[in-house]
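Since the model is a prediction, treat every value here as computed from it, not as a measurement. The first residue in the sequence is number 1, and the count goes up from there.
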Amino acid sequence: MINNLFGITDFIDESRWGNSENYNLINFYRNDLSPDTKILTHWICCITDRQMAFRRVWDVGGYVFSELVHKMGESRDLTLLNPGRPDHSYFIRKQDYAYQDRYKQQFGQDGEKAKYIFTAGTRVGNNTVLREYGFDRDTTPFFTSRYYPADFKSILSTYCILKEFDYSFTKYIIHVLKLLKDDENFLRKLLFSLYLLSYFDIGQQTAEGIDFDKTLKDGYDRANRVRSIVESKQLFELAFDDFIKKDIVFKQKRAWCSLRDFLKSPEFSGYFKASLINLKYGAADALFDQKNFTQLELPGDVWNNNSKFRNCILTGTGYEHSRLSFAKLLREVFDKNRDQISKGYPEQFDVTFDLVPRMCEQNNCKICPYGLLNGKASDFMRVCTNQGDRYCPALLAACNYKRFCAGEGCTLLAISRGRFG
């Protein structure tokens, strides 16, 4: 049962990353940005990706933040985030935005009560993605995240640390990887270092409390504390142990999503590897060894904690009455049954983000791949065509993932016939 559960998930996740149509691309403001600029843009987009339409984050936020990251790398000037300088900054008061009268509808979508916005300095021009959001070609686009006061502090605080690494996200990562040389748990510890970079001790913020000079001072104070940790193997290990003991590791949804994309996304893994190689990091290939992916944790989410999904896949496993969060529970299940699991690892269950709304929420148990575990998928073979020159209908229905039929080599087909593992 457990082996089949992870086998189904591995097949779906493999399909997810096998076609660029199945995941989100960033709408960069320029195509010729460096790999380091692109992965830092991704990281900052993830900082702002909370409780809002995720496509807007990548489409509009990605444009604005890619310009900010590029210009910050060139100028090395933290006042690019000073709202007191609206003609210079990428974070300004909404009342200082030059085209606010044109975009009352978009201001509503990005939060009617928002007092500040992130805005680009480059006009929309012929960017078709931005045009689809209603921006005029002769204006500059803007983006406001749902929790923009905390996000502003997080981004500025991130740069207070990166300043010590030549404003390079990759140099920070390489510094940490060298500290963790030969550590078998290096991916989880790399995640911890990224948590320190942008999420540690940020706290809750309000728009009324936005003060650039104070936030900058706090950012430098925080940077000193983080630097003391990432420069000492002993202090790093002590802090990491606390990170694990307090279960903070399972609460880093955005950080896990970003690190996962750096390792698994065909687009961003290429940028990440290129950025490491550009800085002559000699152990880049080892990062992408799939045996290390078992260290990745599932990004906690409302979809993978869905009670209907949990009940479906856990009934009869001995874990059905567990009250643990699904991310923590999956780690326990995987570690206790590692010898029985032929394929798969916890992070892959993030496919629930796409599957649960289409299957569980729509009562599509009869055609759901996970219904193969318990006999609920009585109509599964009515969906499966077993024709290699066509997209798999089961995956299209379950997750809207496009993958050509795997034919007799299909894991789902093997499980449906009792021949997997």
Side-chain angles (χ1 to χ4, degrees), residues 1-19 21-23 260 264 266 289-294 296 298 303-304 306 308-320 326 329-331 333-356 358-360 362-421:
M1 175 73 168
I2 296 296
N3 186 40
N4 285 350
L5 170 61
F6 277 84
I8 289 171
T9 307
D10 178 79
F11 181 81
I12 299 174
D13 185 67
E14 181 187 71
S15 304
R16 174 188 188 181
W17 299 107
N19 188 328
E21 294 183 58
N22 297 335
Y23 55 87
R260 180 270 316 280
K264 294 174 59 174
D289 189 331
Q290 290 200 12
K291 70 181 181 182
N292 296 319
F293 292 179
T294 60
L296 301 175
L298 172 69
W303 298 119
N304 48 58
N306 178 275
K308 188 171 184 178
F309 177 74
R310 284 180 62 134
N311 291 338
C312 172
I313 67 170
L314 296 176
T315 298
T317 65
Y319 299 99
E320 55 193 294
F326 196 56
L329 177 60
L330 271 180
R331 174 53 58 188
V333 172
F334 181 80
D335 288 346
K336 287 184 177 179
N337 298 275
R338 192 179 291 244
D339 293 341
Q340 304 173 34
I341 297 172
S342 58
K343 290 183 177 181
Y345 47 89
E347 179 277 326
Q348 293 180 306
F349 281 80
D350 193 46
V351 296
T352 52
F353 178 81
D354 291 309
L355 181 137
V356 169
R358 294 174 173 84
M359 294 288 102
C360 305
Q362 299 299 321
N363 296 314
N364 275 323
C365 305
K366 290 184 178 181
I367 62 171
C368 179
Y370 288 102
L372 297 171
L373 296 169
N374 47 34
K376 292 182 179 179
S378 56
D379 288 342
F380 184 79
M381 292 310 298
R382 294 187 178 185
V383 178
C384 174
T385 60
N386 196 6
Q387 295 187 43
D389 61 342
R390 300 184 181 182
Y391 287 136
C392 170
L395 287 176
L396 278 171
C399 298
N400 195 34
Y401 295 163
K402 296 178 178 66
R403 170 188 175 143
F404 282 108
C405 173
E408 292 300 315
C410 175
T411 296
L412 303 182
L413 204 58
I415 289 175
S416 71
R417 295 170 176 173
R419 299 174 183 172
F420 178 72

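Atom CD in Gln290 sits 6.0 Å away from atom OH in Tyr345 (nearest 0.5 Å). Taking CD of Gln348 as the start and CZ of Phe6 as the end, the distance is 9.0 Å to the nearest 0.5 Å. Rounding to the nearest 0.5 Å gives a distance of 6.5 Å between CG of Leu412 and SG of Cys392. Expressed to the nearest 0.5 Å, how far CZ of Arg403 lies from CH2 of Trp17 amounts to 15.0 Å.
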For Arg417 and Glu408: C-alpha separation, side-chain torsions, deciding distance, then whether salt bridge (Lys or Arg N to Asp or Glu O under 4.0 Å) applies.
CA-CA 11 Å; Arg417 295 170 176 173; Glu408 292 300 315; 2.6 Å; yes

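Considering all non-hydrogen atoms of both residues, Thr385 and Pro393 come closest at CG2-CG, 3.7 Å. Of all heavy-atom pairs between Ile12 and Leu355, the closest is CD1-CD1, 4.1 Å. Looking at every heavy atom in both residues, Phe380 comes nearest to Pro369 through CE1-CA, 4.3 Å. Pairing each heavy atom of Thr294 with each of Arg331, the nearest pair is O-NH2, 2.7 Å. Listed here is the closest heavy atom pair of Met359 and Ala398: CE-CA, 3.7 Å. The two atoms that bring Leu314 and Glu320 nearest to each other are O-CB, 3.5 Å, heavy atoms only.
Using modelled atom types, one side-chain atom of Lys308 and one backbone atom of Cys360 make a donor-acceptor pair closer than 3.5 Å. For Glu14 (side chain) and Phe11 (main-chain N/O), no donor-acceptor pair under 3.5 Å exists by modelled atom type. In terms of modelled atom types and a separation under 3.5 Å, the side chain of Asn3 and the main chain of Ser342 share a donor-acceptor contact. In this structure, Gln362 contributes its side chain and Arg358 its backbone to no donor-acceptor pair below 3.5 Å. A donor-acceptor pair under 3.5 Å is formed between the side chain of Thr9 and the backbone N or O of Leu5. No donor-acceptor pair under 3.5 Å is formed between the side chain of Asn364 and the backbone N or O of Ile367.
Contact of the Met381 side chain with the Leu413 side chain is registered, since non-hydrogen atoms from C-beta on lie closer than 4.5 Å. Between Tyr401 and Val351, some side-chain heavy-atom pair lies under the 4.5 Å cut-off. Contact check for Thr352 versus Asn306: no side-chain heavy atoms found under the 4.5 Å cut-off. Asp13 has its side chain within reach of Lys264: a pair of non-hydrogen atoms, C-beta onward, lies under 4.5 Å apart. Looking only at side-chain heavy atoms (C-beta outward), Thr315 and Asn374 stay at 4.5 Å or farther from each other. Side chains of Asn337 and Gln340 form a contact here, defined as non-hydrogen atoms less than 4.5 Å apart. A heavy-atom distance below 4.5 Å is not found between the side chains of Cys405 and Asp389. Counting only heavy atoms from C-beta outward, the side chains of Asn4 and Met1 never approach each other to under 4.5 Å.
Aromatic ring centroids of Tyr391 and Phe404 lie under 6.0 Å apart.
A 6.0 Å sphere centred on CZ of Arg382 holds no more than 12 heavy atoms belonging to other residues, nucleotides or ligands. Heavy-atom contacts from other residues, nucleotides or ligands closer than 6.0 Å to NZ of Lys343 number 12 or fewer.
Relative ring orientation between Phe349 and Phe326 is described as perpendicular, the plane-to-plane angle rising above 60° on a 0-90° scale split at 30° and 60°.
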